[in-house]
Amino acid sequence: MDEQVYDPQALQDKWLPRWERLDAFRMGEDPQDPRPRKYMLDMFPYPSGDLHMGHGEVFAIADVIARYWFQKGYNVLHPIGWDSFGLPAENAAIKRNAHPAEWTYKNIETQANSFRRYAISFDWTRRLHTSDPEYYRWNQWLFNRFFERGLAYRRGGLVNWCPNDQTVLANEQVVAGRCERCGAEVVRRELTQWYFKITDYADRLLDDMEQLEGGWPERVMTMQRNWIGRSTGADVVFEIEGHGPVTVYTTRPDTLFGATFFVVAADAPLAEQIVAPDRRAALDDYRSEVAKLSDIERLSTEKEKTGVFLGVHAINPVNGERIPVWAADYVLSDYGHGAIMAVPAHDQRDLDFARKFGLPVQVVLHTGMADPGETGIATPGEGTLVNSGPLDGLSKAGAIAKIIEILETQGKGAGAVNYRLRDWLLSRQRFWGTPIPIIHCADCGEVPVPDDQLPVTLPDLRGEALAPKGVAPLASATDWVNVDCPKCGGPAKRDTDTMDTFVDSSWYFLRYLDPHYEGGPFEVEKAKQWGPIDQYVGGVEHAVLHLMYSRFFIKVLYDMGMVTFTEPFMRLLNQGQVINQGKAMSKTLGNGVDLGEQIDSFGVDAVRLTMVFAGPPEDDIDWADVSPAASQKFLARALRVMGEVSSAPGADFETGDIELRKVTHRTIDEVTRLIDTYRFNVAIARLMELTTAARRAIDSGSGPADPAVREAAEALAVMLSLIAPYTAEEGWERLGHQATVAKAGWPQADPALLVQESVTCVIQVAGKVRDRVDVSPDISDGDLEALALASDKVQAYLSGTPRKVIVRAPKLVNIVP
RNA sequence: GCCCCCGUAGCCCAAUGGCAGAGGCAAGCCCCUUAAAAGGGCUCGAGUGCGGGUUCAAGUCCCGCCGGGGGCACCA
């Protein structure tokens, strides 16, 4: 190899095959292995074509941490796999009249090759693909366990339907009324679907977040808290005349005396049950009107309140007042009890409705604000209860406690908790996913496929057979669908839905421990050793999707006794996006940057370095603001320094130039701290300085034969190996060492070389710098103060005795005249 | 509308309440070279979005604005 020019392609061609032979990143399997374990997990990719710039960033960042752990001597698990079920494969298959597996596995190979070239420190022996029957078999096994525990169930109800993808979606997959995948407007449909009972775990999902404090970004936890949306209040029973008791949920039972009307969700069955005969036509009209609205229109806060009087009245349980019952779409049928008591004085939504339809406003809480009936502004805050019988004079909190007590003794209500979180709708009417292992039998009902008959593999459908026709594609595979009931042996049919692919990703990190294990989804003993994950790295787009589902799965597995921890990911790092010219890369904008092309132009190391050096890992990287060419220059410079060292390996560093040695050890010390705190960009800046210092020593200092230069270059090689493995490996070889630098061991800073024999102390008068003196780092406050006051430059600004002297030895003295 | 984060040289970014600049890009200059490229070196540059406050001392803490980004938004 030509040592004069930096040729990244040649470095890659040289080292990649050697590394493959060394296989340095295998997890240690020996349970007696004394090394402490570390588990690094990158969010596994979906195989849509080749790796893109976003992958380039996230894997580069995670690899710095993983390689750091390897250098520090941990037993590291850093696996890779593919989230390979999903719609794009299916759509591609329809278009090309092919099988989704062809497209999927071809892309996986492409990405795997790119990962190898990108030099990520994976243990390739743990590779898995969720679309392999040996993987999804365990989705089905887990489904059976959930089913046994009553955590998987089937029910009818209004669901979100994506007309473009022709499937239902979970609540989490609907963003502002649109399909999270394709952006199509979601419509509501009445369908019978499978659900996971995640709501049973709402409290634990919320309360266990305590364990993640400090380890997860605050905003992700906020999003999850909002999503779960726990609220406390009371259930209150109103009697509806001519119908019977109806319960409502309220967070403000203290305002019960201010309820002036009652609203049921227009789409709730209750509305048609209670409507007066002469109002039925009006309700039907209103309901069809509401049904026409999209979610986006319905949820708009700009929209005026609508509703219809149902011709019946409800009786307020505490004062016997008759209040009219309305139906409206601002009340949701699937939250609380689908009906509310309306207190317009203290709730803006109710007030808007009251003003629209001329309903009375009754103030029951003095807040010091103007009358809501006059201003149209509800007063939801604190205050003193009025017009409320036994509650009068109480505070809001006092009244809430008191009214709950009253309701409970009268049997008219009780304290209650509600959640925004809904159960996880998991069935999908598409092909390329895990078949739900249920057989429907006319006599036995829903019968799980026995574990020993798993996996239920997908039938061989391709091309046109996969095209959406409003029913699940699996329904057309009649040979597959028609089976004998496992219970009674009679004729029965398989469930034709497949599972949401978020099921696949909810537990994949446990499968990595032994991806071919046949005794269960994972080996319980290994999960005990390796879980939970020490560091998870991935995009923030999964804040309430994958991350919530995984947390739920782990809690269920914990209850099953299969894992010993209740949270899967102890630390979470959300890397930023790679953008270009201030905007997300997109085909329509034509501002896309291709990772492969960047690598071809600048080399793997320069691209990785650029990703990590651009800024803090959470920040977006604007590719227009960074310079992979400059990264390449630095790497070339570093490699030249390493190549110019002329002392022999093993040279005694102690005999080297002390000043350079101090720089080296200070750098080691700082870089260690910076990597520990994930400030990689700053760490790289320190490595650049070390490189410059070594360069100077070679050119105009102690020369290339000085052992201190070797010490600096060797430290540089090891530290640089986290970011630029090819360059570091080549430099390591030129320094006379055997591969691989990745396992050379993290350098140790010698504390003796970190102490300074003098530091510059700043002397301020009234906060302005007036003098500097070189002092010993362990000078006493008293000595330093005396020294400062003795300065002529300082004295020039003083007249008489200073009022105050602040001494911060050894760095600063501030004299207040 | 509510909540959170961020505003430091032309640009990207550093700075446990203690000298505003570590590093990089760009710009300019010098050395090396027959020349260019590559390489080596030097220089330039902001008083920290605006206005108050706390403090001996504020980029850092507090309050109010302005600008940018994100989250939530009929969940009773």
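Only this structure's heavy atoms are used, side chains among them; waters, hydrogens and symmetry mates stay out.
- Within 4.0 Å (heavy atoms only), Val805(A) reaches no atom of the nucleic acid at all.
- Using N1 to N3 plus N6-O4 or O6-N4 for Watson-Crick, or N1-O2 and O6-N3 for G-U wobble, each under 3.5 Å, G45(B) pairs with nothing.
- Counted by atom type alone, Ser231(A) and Tyr419(A) present zero donor-acceptor pairs between their side chains at under 3.5 Å.
- When the C1' atom is used for both G18(B) and G28(B), the distance is 35 Å, rounded to whole Å.
- Closest approach to the Ala630(A) side chain among C74(B), C25(B), G23(B) is made by C25(B) (side chain taken as heavy atoms from C-beta onward).
- Candidate nucleotides C74(B), G39(B), C42(B) were compared by shortest atom distance to the side chain of Arg696(A), and C42(B) ranks first.
- In this structure G67(B) sits in a base pair with C6(B), meeting the Watson-Crick or G-U test at under 3.5 Å.
- Of the side-chain N and O atoms in Ser231(A), one or more sit less than 4.0 angstrom from OP1 or OP2 of A76(B).
- Shown here, C61(B) forms a base pair with G53(B); the pair counts as Watson-Crick or G-U wobble because both key distances fall under 3.5 Å.
- Checked by atom type and distance alone, the side chain of Thr367(A) never pairs as donor or acceptor with a backbone atom of Gly383(A) at under 3.5 Å.
- Partners of Glu172(A) under the side chain to side chain donor-acceptor pair (under 3.5 Å) rule, at least two apart in sequence or in another chain, are Trp227(A), Tyr549(A).
- The backbone N or O of Pro360(A) sits less than 3.5 Å from a side-chain atom of Thr260(A), completing a donor-acceptor pair.
- With hydrogens and angles ignored, the 3.5 Å screen pairs no side-chain donor or acceptor of Asn171(A) with any backbone N or O of Arg422(A).
- Across A15(B) and U60(B), the matching P atoms stand 14 Å from one another, rounded to whole Å.
- In the region residues 216-225 of chain A, proximity to RNA chain B at under 4.0 angstrom, judged on heavy atoms, holds for Arg219(A), Met223(A).
- Note on Arg420(A): every side-chain N or O is 4.0 Å or more away from OP1 and OP2 of C74(B).
- Within the structure, a side-chain polar atom (N or O) of Tyr335(A) is placed less than 4.0 Å from OP1 or OP2 of A76(B).
- G45(B) and A37(B) are spaced 28 Å apart, taking the C1' atom of each and rounding to whole Å.
- For the C1' atoms, the distance from G67(B) to A73(B) is 23 Å, rounded to whole Å.
- Remark: G1(B) base-pairs with C72(B). Criterion, Watson-Crick or G-U wobble with two distances under 3.5 Å.
- Along RNA chain B, the nucleotide nearest to Arg252(A) and the one nearest to Thr692(A) differ in position, and the one closer to the 5' end is contacted by Thr692(A).
- Listed by chain and residue number, Val237(A), Glu239(A) satisfy the side-chain contact (heavy atoms from CB on, under 4.5 Å) test with Pro245(A) (two or more places apart in sequence, or in another chain).
- Base pairing of U33(B) is not made with any nucleotide, judged by Watson-Crick or G-U wobble geometry with both donor-acceptor distances under 3.5 Å.
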Per-nucleotide protein contact string for nucleotides 9-16 of chain B (B base, S sugar-phosphate only, - none; heavy atom under 4.0 Å): --SSSSS-

Do Trp326(A) and Phe357(A) pass the ring pair (Phe, Tyr, Trp, His ring centres under 6.0 Å) test, and can you show the C-alpha distance, the side-chain angles, and the key distance before you say yes or no? CA-CA 10 Å; Trp326(A) 288 66; Phe357(A) 295 105; 4.7 Å; yes

Determine whether Asp235(A) and Thr247(A) satisfy the following criterion, side-chain hydrogen bond (donor to acceptor under 3.5 Å, both in side chains), listing intermediate values before the conclusion. CA-CA 6 Å; Asp235(A) 281 341; Thr247(A) 307; over 6 Å; no

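- Sorted by first and then second residue, the ring-ring contact (aromatic ring centres under 6.0 Å, His included) pairs with a member in residues 666-690 of chain A read Tyr678(A)-Phe680(A); sequence neighbours excluded.
- Across the protein-nucleic acid pair, Leu635(A) atom CG and G24(B) atom P stand 13 Å apart, rounded to whole Å.
- With A76(B), C74(B), G41(B) as the candidates, the nucleotide lying closest to the side chain of Arg637(A) is G41(B).
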What's touching nucleotides 53-56 of chain B from the protein side, N or O pairs under 3.5 Å?
from: C56(B); atom 1: OP1; to: Lys804(A); atom 2: NZ; distance (Å): 3.4
from: C56(B); atom 1: O2'; to: Asn814(A); atom 2: ND2; distance (Å): 3.3
from: C56(B); atom 1: O2; to: Asn814(A); atom 2: ND2; distance (Å): 2.4

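- The backbone N or O of Arg770(A) lies less than 3.5 Å from no partner atom in the side chain of Lys793(A), so there is not a single donor-acceptor pair.
- Between the side chain of Asp620(A) and the main chain of Val578(A), no donor-acceptor pair closer than 3.5 Å is present.
- Each of Val769(A) and Glu689(A) lies near RNA chain B, and the nucleotide nearest Val769(A) is the one positioned closer to the 5' end.
- Looking at heavy-atom distances under 4.0 Å, Lys633(A) makes contact with sugar-phosphate atoms alone, never a base.
- Separation of the P atoms belonging to G51(B) and U8(B) is 16 Å when rounded to the nearest angstrom.
- To the nearest whole angstrom, the two P atoms, one in C29(B) and one in C12(B), are 25 Å apart.
- Separating the C1' atom of C66(B) from that of G49(B) is a span of 7 Å, rounded to the nearest Å.
- Under the 30°/60° scheme for interplanar angles, the aromatic rings of Phe353(A) and Tyr330(A) are found to be tilted.
- Arg695(A) has no side-chain polar atom (N or O) that falls below the 4.0 Å cut-off from OP1 or OP2 of G39(B).
- Of the candidates Ile668(A), Asp669(A), Val663(A), Val663(A) is the only one forming a side-chain contact (heavy atoms from CB on, under 4.5 Å) with Arg666(A).
- G47(B) adopts a syn glycosidic conformation, its chi angle falling within 90° of 0.
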